[in-house]
Amino acid sequence: MAFPQPRPQAPQLPRFLLRTIDCQQGAVRAVRFNADGNYLLSCGSDKSLKLWSVSRGTLLKTYSGHGYEVLDADSSYDNSQICSCSSDKTVILWDVGTGQVTRKLRGHAGKVSCVQFNEEATVILSGSIDGTVRCWDTRSKRFEPIQVLDEARDSISSLKVAQHELLTGSVDGRVRRYDLRMGQLHVDFISSPITCVCFSQDGQCTLSSSLDSTVRLLDKSTGEMLGEYKGHAMKGYKLDCCLSSKDTHVLSCSEDGHVYCWDLVEGSLSLKLPVGKAVVQSLSFHPTETCLLTAMEGRVQVWGAEPSDSEEDGTAT
């Protein structure tokens, strides 16, 4: 006699607060998991970038070298390097272990709002209020970018790299997808300024949030709108959106102090996570597990699917 198959479990959501980290670096402008999800990066308005242990909430390293607030950061696939960008118009490549500046890249004409490595960490891509994306070779000693993409008519607010594709969001209301291998550009027009873009994990869709308080899921190849997600407030701040690690849910920051989490297929609100009383500035979903980072004012919160059972958890500094 065959046993019945176990019923498929509903995807778990990060509804439990595991710990709060007081980052002590002014307002946290962005929070990011590293490539394997064991560490997090916090970008501070006090010009510092900090590396933390996610599981313990302990500070591992502080990176000082920017001249103004740090707006975004990314960790290389092997955790040996970090890139960061700032209102000081520069991009910095850091050595993780020593905390030293490896390269300081100048060329943008205004504050640099987003930055990411390609998958091999051979190229850094940075987007700026000057409307350009600049591509920097991390191994070269040259200080000029190897490529400048200047198709946007307004600030670049967000960018993501996946294999040979680059996705950018701009205040001009357009989501642009560059096929860097084929030299092709695909443009989707959304009538409101874009605050954040990302690829789905399966690479078939793009997600974008905009200042009309709407998150949109588009078919990457056709541009067809597959889903619209509303209910949150995003009218004046550049806030993050993302997909859960298994593409089951769409998440967005909100100006009302919550993270909104919708079922991707149904479009229904699955979870409204009460983070605090201020604007949820940034979020980051763990690459493989049900774990979420949020940033509000000077603190980072770590959320999980199961309540924490250790007594020493709580607020870490």
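Ser48 and Gln25 are linked by a side-chain donor-acceptor pair at a separation below 3.5 angstrom, with hydrogens and angles left out of the test. Side chains of Glu120 and Asn118: a donor on one and an acceptor on the other come within 3.5 Å. For the residue pair Asp240 / Ser282, a side-chain donor-acceptor distance below 3.5 Å is found, with atom types taken as modelled. Judged purely by distance below 3.5 Å, without hydrogens or angles, the side chains of Thr248 and Ser244 pair a donor atom with an acceptor atom. For the residue pair Thr58 and Trp52, no side-chain donor N or O sits within less than 3.5 Å of a side-chain acceptor on the partner.
In this structure, His232 and Trp262 have perpendicular ring planes: the angle between them is above 60°, well past the 30° mark.
Contact check on Lys50 versus Asp46 returns no salt bridge, with no Lys/Arg side-chain nitrogen under 4.0 Å from an Asp/Glu carboxylate oxygen. With salt bridges taken as basic N to acidic carboxylate O contacts below 4.0 Å, one links Arg177 and Glu165. Lys111 and Asp130 are not joined by a salt bridge, as no carboxylate oxygen comes within less than 4.0 angstrom of a charged side-chain nitrogen.
The minimum heavy-atom distance between Gly37 and Val54, with the atom names listed, is O-CG2, 3.8 Å.
Residues Ser126 and Trp136 form a side-chain contact, since some pair of their non-hydrogen atoms from C-beta on lies under 4.5 Å apart.
For Arg103 and Phe143, the positive end sits near the middle of the six-membered ring, less than 6.0 Å away and at most 45° from its axis.
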